[in-house]
Amino acid sequence: MIFVEEMNPYRVDLLVCVGATVKDIRQYAKKRKFKKDLVTFIDEHPDTFELEQSIGRALWVPEEKFAGIMLKPFVDAWEYWECLIHELHHIVEFISTDRSFEKENEAKAYLIEFLFHTIRRKLQGLESIR
């Protein structure tokens, strides 16, 4: 499962990849017409998009304004949800620094809450994926 979660008003899209291979992610990026440089970045850094021992990984490529989360296949378990929250924290820290609201703790908390809520609903199949 791969989908984009919009982070308005920050004008950054979060690419959420769940149980996806590097090939799947590259095809999705190409199909969705992400910046060509993102497909090139995937080609040059494929291991960045692979998970071996961890459940998830957050990725921020500042020059592309690209944010991504890679997660192992979905499992409705506390360890999975804790990993999602952990990776979302990294993403929000990256975005808040880039968009100059790093000292706005309440804004960051609301963004984590929003992202967790919308992504959780999609993972649990409670909301259709765009």
* Verdict with supporting geometry, Lys122 and Glu5, side chain to side chain contact (heavy atoms under 4.5 Å, CB included) -> CA-CA 10 Å; Lys122 288 176 182 173; Glu5 191 58 53; 2.7 Å; yes
* Asked: Does the pair Ile2 and Ile25 meet the rule for a side chain to side chain contact (heavy atoms under 4.5 Å, CB included), with working shown?
  -> CA-CA 7 Å; Ile2 303 173; Ile25 298 167; 4.1 Å; yes
* To do: Would you confirm whether Asp24, through its side chain, and Thr21, through its main-chain N or O, come within 3.5 Å as a donor-acceptor pair?
  => yes
* Asked: So, for Phe3 and Tyr28, is the gap between ring centers shorter than 6.0 Å?
  -> no
* From CA spacing to verdict: side chain to side chain contact (heavy atoms under 4.5 Å, CB included), Ile112, Ile91 -> CA-CA 9 Å; Ile112 288 174; Ile91 293 297; over 6 Å; no
* Asked: When rounded to the nearest 0.5 angstrom, what distance separates CD1 in Ile55 from CD in Glu79?
  -> 3.5 Å
* Asked: How are the rings of Trp60 and Phe94 set to each other: parallel, tilted or perpendicular (split at 30° and 60°)?
  -> parallel
* Looking at residues at least two apart in the chain, or sitting in another chain, which of them share a salt bridge (charged side-chain N to carboxylate O under 4.0 Å, His left out) with Glu102? -> none
* Look up atom NE2 in His89 and atom CG in Leu111, then write down how far apart they are to the nearest 0.5 Å. => 12.0 Å
* To do: Give a yes or no answer on whether the side chain of Glu87 reaches the backbone of Ala58 with a donor-acceptor pair at less than 3.5 Å.
  => yes
* **Close side-chain approach of Met7 to Leu115, heavy-atom, < 4.5 Å** => yes
* Reported OH-to-CD1 distance for the pair Tyr10 and Ile95, which is rounded to 0.5 angstrom -> 10.0 Å
* Indicate, with yes or no, if Tyr110 and Val12 share a hydrophobic cluster defined by side-chain heavy-atom contacts under 4.5 Å among Ile, Leu, Val, Met, Phe, Trp and Tyr. => no
* To do: Give the minimum heavy-atom separation between Cys83 and Gly56, together with the two atoms involved.
  => SG-N, 3.4 Å
* Reported CE-to-SG distance for the pair Met1 and Cys17, which is rounded to 0.5 angstrom -> 11.5 Å
* Would you indicate whether the side-chain heavy atoms of Pro73 and Val18 approach each other to under 4.5 Å? => no
* Measure the shortest side-chain to side-chain distance between His90 and Leu59 over non-hydrogen atoms and say whether it is less than 4.5 angstrom. => no
* Structure fact -> d(Glu106 CD, Glu113 CD) to nearest 0.5 Å is 9.0 Å
* Interatomic spacing from CZ in Arg99 to CD in Glu104 - rounded to 0.5 Å -> 15.5 Å
* To do: Give the ring-plane orientation class for Trp81 versus Phe116, where under 30° counts as parallel, over 60° as perpendicular and anything between as tilted.
  => perpendicular
* **Phe101 side chain near Lys108 side chain, heavy-atom distance below 4.5 Å** => yes
* Mind checking whether Ile69 and Leu88 have side chains closer than 4.5 Å, heavy atoms only? -> yes
* Tell me, do Val16 and Leu14 make a side-chain contact under 4.5 Å, heavy atoms counted? -> yes
* Write down the atom of Phe114, the atom of Glu6, and the distance for their closest heavy-atom approach. => CE2-O, 3.6 Å
